[in-house]
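Numbering of residues begins at 1 and proceeds along the displayed sequence. Computed from a prediction, not measured in an experiment: that's the story for all the values here.
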Amino acid sequence: MTTKDPRAAGLARYAALVADETRAACLLALLDGRAWTQGELARHAGVAASTLSEHLGKLVAGGLLAEERQGRHRYVRLAGTRVAQLVEELAAQVSPDAAARPRTLRQSGAGSAMARGRTCYDHLAGRLGIAVTDAFAARGLLLRDTGFALTESGLRWFAAAGIELDRRGRRPLARACLDWTERRPHLAGVAGAALCRHALETEWCVRIGSERAVKVTGAGERALSELLGIDAATLR
C-alpha cells in the first residue's frame, strides 16, 4: 500500500485556484505590481462585478491575493513576490502558438509594446529585461551558470550607480525569472526590483498604455549605453 503525500490535497486546491480563465486573467493583470479595484479587474476580465467578487474571494482565501478597503472601494494586489514568480513562470509554459492572434491594430500594438519592454511585478522583462540581464553577464556583474548571483563587481556597479540594494529580508539578491515572451530568464530578486524602481523614478523608462508595458526614454538609452554598453537600437 502506498502512502499519499500529505501535500497532495493542498497542491490540488492551490492549482485549482489558477485553473479558471477569469482568475488567471486577474492574476496576469496584477503582475503590474499595482493594486486594482474590483471594478477595474471586472472590466479587464470581461465579467460582471458580482461574478468577479466571488473569484476574488477565492483568490484572497487561497493566499494568492491580498486585499484592502478604502471607503466603498475594494483593492486587491498579488500577495507577494513568490506569487508573482509563480504566475510568471506558469505563463511562460504556454506555447506562443496558443495565444490568440490580435484582432485589431491596437491589440497588435499593445502586444508588441509588452514584448519590447514591460514590468514583471517589480522588475524589468521582455526584450528590455533580457538586454539588461545579458549586459550584466557580459560585463562580469552577474553569474548565471548555476542560478543567478551578483558578483563583487556587480555589487560595486549598483553602489556606483546610486541604486540601493535592500538586503535585510529573505528575498534573494538576484534570481532568474523565466520571461514568457523571450523564453529566457531575466534578472529578478532584490537587484532586479531595485533597478526597475530606479529606472522608473529617474524616467529611464516610462509606463505606456494601460497594462505593464514600458518604453525606454532618450535619457534611459543614454544611461543604459553608458552604464551597461547596451546599444540603443535594441531598446526600441
Side-chain angles (χ1 to χ4, degrees), residues 4-104 106-111 113-115 118-126 129 171 175 177-181 183 186 188 193 196 207-214:
K4 185 166 65 175
D5 191 317
R7 297 171 298 176
L11 178 59
R13 288 193 298 269
Y14 203 68
L17 288 172
V18 185
D20 176 273
E21 189 170 345
T22 297
R23 292 197 290 272
C26 293
L27 292 170
L28 288 169
L30 291 166
L31 277 175
D32 68 358
R34 298 181 298 130
W36 289 47
T37 67
Q38 179 175 308
E40 289 170 337
L41 280 175
R43 288 190 293 273
H44 178 82
V47 298
S50 57
T51 299
L52 189 76
S53 179
E54 182 179 350
H55 287 299
L56 293 182
K58 291 179 179 179
L59 291 170
V60 171
L64 293 180
L65 298 185
E67 72 172 336
E68 60 183 78
R69 294 183 182 271
Q70 291 187 7
R72 61 186 181 87
H73 291 295
R74 178 191 192 186
Y75 289 87
V76 293
R77 64 171 73 245
L78 294 182
T81 57
R82 293 182 64 183
V83 175
Q85 178 184 353
L86 170 67
V87 174
E88 184 76 6
E89 291 186 350
L90 284 174
Q93 306 308 313
V94 180
S95 167
D97 297 333
R101 291 183 178 274
R103 290 177 292 180
T104 65
R106 181 177 180 180
Q107 288 179 342
S108 178
M114 287 278 283
R118 64 182 181 278
T119 55
C120 172
Y121 190 58
D122 63 358
H123 54 270
L124 298 173
R171 191 177 186 186
R175 179 181 65 78
C177 179
L178 184 60
D179 196 291
W180 65 267
T181 53
R183 308 290 161 167
H186 55 242
C196 179
R207 296 187 183 276
I208 56 175
S210 58
E211 296 192 41
R212 295 184 282 139
V214 297

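- Here the closest non-hydrogen pair linking Leu52 and Ala42 is CD2-N, 3.3 Å.
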task = With side-chain contact (heavy atoms from CB on, under 4.5 Å) as the test, would you mind laying out the steps for Leu64 and Leu78 before giving the verdict?
result = CA-CA 6 Å; Leu64 293 180; Leu78 294 182; over 6 Å; no

key: Derivation of the side-chain contact (heavy atoms from CB on, under 4.5 Å) call for Cys196 and Val214   = CA-CA 11 Å; Cys196 179; Val214 297; over 6 Å; no

key: Audit row: Trp180, Leu31, side-chain contact (heavy atoms from CB on, under 4.5 Å) steps and yes/no   = CA-CA 12 Å; Trp180 65 267; Leu31 277 175; 5.7 Å; no

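- The number of heavy atoms from other shown groups lying within 6.0 Å of CD (Glu21) does not exceed 12.
- A side-chain donor from one of Arg118 and Thr181 sits under 3.5 Å from a side-chain acceptor of the other.
- For the residue pair Ser53 and Arg74, the shortest heavy atom distance occurs at OG-NH1, 3.6 Å.
- Side chains of Thr51 and Thr22 form no contact here, defined as non-hydrogen atoms less than 4.5 Å apart.
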message = Could you go through Gln38 and Leu56, starting from their C-alpha distance and side-chain angles, then the distance that decides it, and tell me whether this counts as side-chain contact (heavy atoms from CB on, under 4.5 Å)?
response = CA-CA 8 Å; Gln38 179 175 308; Leu56 293 182; 4.0 Å; yes

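- Annotation: the span from Arg212 atom CZ to Arg207 atom CZ amounts to 10.0 Å, rounded to 0.5 Å.
- In this structure, SG in Cys26 is found 7.5 Å from CG in Leu65, a value given to the nearest 0.5 Å.
- Distance check, rounded to the nearest 0.5 Å: CZ of Arg34 to OH of Tyr75 gives 11.0 Å.
- Summarising the geometry of Arg23 relative to Lys58, their closest heavy-atom pair is NH1-CD, 3.7 Å, with the distance given to 0.1 Å.
- In this structure, His186 and His123 have tilted ring planes: the angle between them lies in the 30° to 60° band.
- Under a 3.5 Å cut-off, the side chain of Arg175 and the backbone N or O of Ala188 do not form any donor-acceptor pair.
- Residues passing the ring pair (Phe, Tyr, Trp, His ring centres under 6.0 Å) test with His55: none are found, sequence neighbours excluded.
- The minimum heavy-atom distance between Ala79 and Gly63, with the atom names listed, is CB-O, 3.3 Å.
- Across every non-hydrogen atom of Ala91 and Leu28, the tightest pair is CB-CD2, 4.0 Å.
- A donor-acceptor pair is defined here as one N or O able to donate and one able to accept, closer than 3.5 Å; no such pair exists between the side chain of Glu89 and the backbone of Leu178.
- In terms of heavy atoms, Leu30 sits closest to Val76 at CD2-O, 3.6 Å.
- In this structure, CG in Leu27 is found 12.0 Å from CD in Glu88, a value given to the nearest 0.5 Å.
- Under the salt bridge (charged side-chain N to carboxylate O under 4.0 Å, His left out) criterion, Arg171 pairs with Asp122, sequence neighbours left out.
- Checking each of Val87, Thr81, Val83 against Tyr121 for a side-chain contact (heavy atoms from CB on, under 4.5 Å) leaves exactly one that passes, namely Thr81.
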